2 protein chains.
Amino acid sequence: MTAYVSPASPDPDLAEPRWLDADEQRAWRAWVYSAQLLTDRLDRELTHATGISHAYYEILVALSEEPERQMRMSELADRCLSSRSRLSHAVSRLEERGWVRRQVCPEDGRGQLAVLTDEGFAALEAAAPVHVESVRTHLFDQLTPEQVEAMRDFGETLLQHLDPSQVRGLD
Amino acid sequence: MTAYVSPASPDPDLAEPRWLDADEQRAWRAWVYSAQLLTDRLDRELTHATGISHAYYEILVALSEEPERQMRMSELADRCLSSRSRLSHAVSRLEERGWVRRQVCPEDGRGQLAVLTDEGFAALEAAAPVHVESVRTHLFDQLTPEQVEAMRDFGETLLQHLDPSQVRGLD
DNA sequence: GCGGAATAGTTGCGCCTTCAACTACGCTAC
DNA sequence: GTAGCGTAGTTGAAGGCGCAACTATTCCGC
């Protein structure tokens, strides 16, 4: 830890970069690669088997978990880690499929409610088994219980830093 | 483990879905959220500070690590977890910036070599400190050494399943 | 060598996402 | 009540990416 000490500057622009050592590099790359491969694989399998991308699937799931199967657009965007713009476009596409419908919010005339239709719920019910099987195959079946626990710990630690408000949504 | 046993069918389409229990659900969500938030954050910080997206950055890094700073298009695509099409598009953009140049491969007339230019290398050198600082701030600074080790273990396990050929590239 | 299959890479189209500009409504102060 | 500001959500243009179709070259059997 004393091999190289850069001046303790408060401004990262001026300080010597805190480069990764070989072990950190390896850990970092293992994470980047595995995370991208896993998300790509799950998205592709879901899309090809059901015609629903993971992004759209997440929207349907979020709505289905609400008591009335409806949500304010902004809440839905936050829940799905989506920008408002992105969600707006996505809901338009889902409306075209007849899976979601927009409705003005009674309490706030500016707001919109996204409502999951019965057709949307049926589409979700059809897609869910496909998705859970992918997640089992490519994630849980590959891991020991200890690794699953480590994954949870790791994920929650990061989540606490990156977006503490989402930690509450884990149940 | 005996509470619910579905018939052991070889065909996932016919078997009862292997739903996630509450703990698995929680671990899964923590991972999905944290992975997406982290990749989004890193990509955004890099893009805003340097004008280079993480996808483009990866291409420059891969080329810079080669002895001659050049690579066959297909090798580069594999290394960057990119489709050939995607890489071809990306290299065209990087060529427009003067950071990469295409060159026919002497050994194989079908092949192309992507070559990192001096300008491209300079752009990478300017961007690297920004990126490493983001990775430190949002990842390593948040984790204990044990969590880093668990992250590596987890990543390598998944990588071994999803794309064993990439395991060798970790160094 | 030559015909057919396989491989390397590119291209155009369409969908998705981002960004900035925009509309519409609500809230507060005066 | 109305001016001004903040919030909710939408829109259109521009760029990234996947897919399928395409060209060009090499490989292989004969």
Side-chain angles (χ1 to χ4, degrees), chain A residues 36-37 39-60 63 70-97 99-115, chain B residues 36-37 39-60 63 70-97 99-115:
Chain A
Q36 189 174 339
L37 283 168
T39 52
D40 287 358
R41 186 82 145 246
L42 295 177
D43 188 30
R44 192 132 32 89
E45 288 185 0
L46 185 60
T47 304
H48 282 199
T50 69
I52 308 175
S53 69
H54 192 254
Y56 286 11
Y57 181 83
E58 279 287 300
I59 295 173
L60 301 181
L63 290 174
Q70 55 180 248
M71 250 177 137
R72 285 290 293 271
M73 290 295 282
S74 348
E75 286 178 55
L76 186 53
D78 290 346
R79 166 71 172 71
C80 298
L81 306 183
S82 174
S83 70
R84 277 126 205 258
S85 163
R86 179 184 174 191
L87 181 69
S88 189
H89 286 298
V91 166
S92 299
R93 299 299 153 273
L94 291 173
E95 256 187 320
E96 289 166 9
R97 296 194 193 186
W99 292 350
V100 171
R101 140 175 83 70
R102 268 184 247 248
Q103 199 176 296
V104 287
C105 178
E107 286 97 36
D108 188 336
R110 296 168 300 181
Q112 292 274 111
L113 288 167
V115 187
Chain B
Q36 190 172 340
L37 283 168
T39 53
D40 287 358
R41 187 84 145 244
L42 295 177
D43 188 31
R44 188 182 312 256
E45 289 185 0
L46 186 61
T47 303
H48 282 200
T50 71
I52 308 175
S53 70
H54 193 254
Y56 286 12
Y57 181 83
E58 280 287 302
I59 294 173
L60 301 181
L63 289 174
Q70 54 181 245
M71 251 176 135
R72 286 290 294 271
M73 291 294 283
S74 348
E75 286 178 54
L76 186 53
D78 291 346
R79 165 72 172 69
C80 297
L81 306 183
S82 173
S83 70
R84 278 126 204 259
S85 162
R86 179 184 172 188
L87 181 69
S88 190
H89 286 297
V91 166
S92 297
R93 301 299 152 272
L94 291 173
E95 257 186 319
E96 289 166 9
R97 297 194 192 186
W99 292 351
V100 170
R101 154 171 74 69
R102 269 185 246 246
Q103 199 177 294
V104 287
C105 177
E107 287 98 37
D108 188 336
R110 296 167 299 182
Q112 292 275 110
L113 287 167
V115 187

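What you see is a predicted model, and the numbers here were worked out from it, not measured in a lab. Proteins come first, then strands; the chains are lettered A, B, ... in the order of their sequence lines, and each starts at number 1.
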To the nearest angstrom, how far is [X] atom [atom1] from [N] atom [atom2]?
| X | N | atom1 | atom2 | value |
| --- | --- | --- | --- | --- |
| B:Leu81 | D:dG18 | CG | P | 11 Å |
| B:His54 | D:dC17 | NE2 | P | 12 Å |
| B:Arg86 | C:dC15 | CZ | C1' | 15 Å |
| A:Arg84 | D:dT11 | CZ | P | 16 Å |
| B:Ile52 | D:dG15 | CD1 | P | 17 Å |
| B:Glu75 | C:dT7 | CD | P | 16 Å |
| A:Arg97 | C:dC16 | CZ | C1' | 12 Å |
| B:Leu76 | C:dT10 | CG | C1' | 15 Å |

Would you kindly check whether a donor in the side chain of [X] faces an acceptor in the base of [N], or vice versa, at under 3.5 angstrom?
| X | N | answer |
| --- | --- | --- |
| B:His89 | D:dG15 | no |
| B:Ser85 | D:dC19 | yes |
| A:Ser92 | D:dT10 | no |

inquiry  = Would you compute the distance between atom CG of B:Asp43 and atom CZ of B:Arg41 and round it to the nearest 0.5 angstrom?
reply    =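 Output value for this atom pair is 12.5 Å.
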message = Distance check, rounded to the nearest 0.5 Å: A:Arg44 atom CZ versus A:Thr39 atom OG1?
response =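 The OG1 atom of A:Thr39 is 10.0 Å from CZ of A:Arg44, to the nearest 0.5 Å.
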Side-chain contact, heavy-atom cut-off 4.5 Å: [X] with [Y]?
| X | Y | result |
| --- | --- | --- |
| B:Ile52 | B:Arg97 | yes |
| B:Arg102 | B:Val91 | yes |
| B:Leu113 | B:Met71 | no |
| A:Trp99 | A:Leu63 | no |

inquiry  = For DNA chain C, please output the secondary structure as dot-bracket, reading 5' to 3'. Pairs are Watson-Crick or G-U wobble, both atom distances under 3.5 Å; mark crossing pairs with [ ], other-strand partners with |, unpaired with a dot.
reply    = ||||||||||||||||||||||||||||||
message = On DNA chain C, does the nearest nucleotide to A:Ser53 precede the nearest nucleotide to B:Arg72 from the 5' side, or the other way round? Give the residue.
response =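 The residue mapped nearer the 5' terminus is B:Arg72.
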inquiry  = Here's a test of your reading of the structure: between A:Asp108 and A:Ala90, which maps to the more 5' nucleotide of DNA chain C?
reply    =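 Its nearest nucleotide lies further toward 5', so the answer is A:Ala90.
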State whether [X] places a side-chain N or O below 4.0 Å from either non-bridging phosphate oxygen (OP1 or OP2) of [N].
| X | N | value |
| --- | --- | --- |
| A:His48 | D:dC19 | yes |
| B:Arg93 | D:dG16 | yes |
| B:Arg110 | D:dC27 | no |
| A:Arg102 | D:dT10 | yes |

message = Keeping B:Ser88 on the side-chain end and B:Arg84 on the backbone end, is there a donor-acceptor pair under 3.5 Å?
response =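 Checking the backbone N and O of B:Arg84 against the side chain of B:Ser88, no donor-acceptor pair under 3.5 Å is found.
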ask   = Counting distance only, does the side-chain N/O of A:Thr50 pair as donor-acceptor with the main-chain N or O of A:Thr47 below 3.5 Å?
value = no
request  = Tell me what B:Ser83 touches on the nucleic acid: a base, only sugar-phosphate, or nothing, going by heavy atoms under 4.0 Å.
outcome  =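 Contact class for B:Ser83: sugar-phosphate only.
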inquiry  = On DNA chain D, does the nearest nucleotide to A:Gln112 precede the nearest nucleotide to B:Ser82 from the 5' side, or the other way round? Give the residue.
reply    =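 This one resolves to A:Gln112.
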task = Nearest-nucleotide wise, let me know which of A:Ser88 and B:Tyr56 is further upstream toward the 5' end of DNA chain D.
result = A:Ser88
